[in-house]
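The structure appears below as structure tokens.
The first residue of the sequence shown is numbered 1, and numbering continues consecutively from there.
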Amino acid sequence: PTFRGFESFFGFYMGGQDYFTHSSVGGYDLHWDSSPHCGEGCSQIVDERGNYSTHVFTREAIRVIQDYHENVDAEQQPLFLYLAYQAVHCPNEVPKHYQDRYDNDSTYAH
């Protein structure tokens with residue numbers, strides 16, 4: 001994404017990943033590209049193993065917005081943040097406390 005006009009990128013390169021291990025096709029896949037044209041030697045692996053990806057992406061989006069608000073004049077340079085959750089895609093994984101809400105609900109198919 002940083003080679004296609006984005007100033008930074010936080011996410012996974014492959015088409016999908018496990019929501020908690022952040023692994024895809026046998027390898028760990030969660031990256032922080034901190035600048036335009038960030039590639040080899042610039043991209044950092046982010047260790048969020050055990051953390052639910054929806055929460056990880058939300059936390060990072062909040063950080064970007066807060067950092068932007070503190071450091072940039074929004075009237076002079078508006079912020080464009082593209083946040084695409086993987087939560088609608090397989091594998092179907094959620095933290096247990098979300099699933100527990102539906103354990104006694106007969107209208108919900110497990």
Heavy-atom donor-acceptor pair, Asn71 side chain to Asp67 backbone, under 3.5 Å: yes

Across all chains, not counting sequence neighbours, the ring pair (Phe, Tyr, Trp, His ring centres under 6.0 Å) partners of Phe20 are Tyr52

Would you say the side-chain atoms of Glu93 pair up with the backbone N or O of Asp18, donor to acceptor, closer than 3.5 Å? no

Using every non-hydrogen atom in the two residues, find where Ala61 and Leu83 come nearest and quote the distance to one decimal. CB-CD2, 3.9 Å

Are any side-chain N or O atoms of Asp29 and backbone N or O atoms of Met14, one a donor and one an acceptor, separated by less than 3.5 Å? yes

Chi angles and distances behind the side-chain hydrogen bond (donor to acceptor under 3.5 Å, both in side chains) call for Tyr85, Thr58: CA-CA 9 Å; Tyr85 289 110; Thr58 299; 2.7 Å; yes

When clusters are formed by joining ILVMFWY residues with side-chain heavy atoms under 4.5 Å apart, either directly or through shared neighbours, do Val72 and Leu79 land in the same one? yes

Look up atom CG in Leu81 and atom CZ in Phe6, then write down how far apart they are to the nearest 0.5 Å. 9.0 Å

Taking atom NE2 of His22 and atom CG of Asp47, what is their separation to the nearest 0.5 Å? 8.5 Å

Are Tyr19 and Tyr28 connected into the same hydrophobic cluster when the rule is that any two of I, L, V, M, F, W, Y join if their side-chain heavy atoms are below 4.5 Å apart? no

Is it true that atom NE2 of His97 has more than 12 heavy atoms of other residues, nucleotides or ligands lying nearer than 6.0 Å? yes

Could you tell me whether a side-chain N or O of Gln17 sits under 3.5 Å from a main-chain N or O of Phe12, the two making a donor and an acceptor? no

Nearest 0.5 Å, please: how far is CD in Glu60 from NE2 in His55? 15.5 Å

One should read off an interatomic distance between Thr2 OG1 and His37 NE2, to the nearest 0.5 angstrom, of 7.5 Å

Not counting sequence neighbours, which residues clear side chain to side chain contact (heavy atoms under 4.5 Å, CB included) with Val46? List them please. Phe10, Leu30, Trp32, Glu48

Are Ile65 and Phe9 connected in the hydrophobic side-chain network, where two residues link if heavy atoms are under 4.5 Å apart? no

Report the residues that fulfil side chain to side chain contact (heavy atoms under 4.5 Å, CB included) with Ser43, sequence neighbours left out, ordered by chain and then residue number. Tyr13, His31, Asp33, Cys38

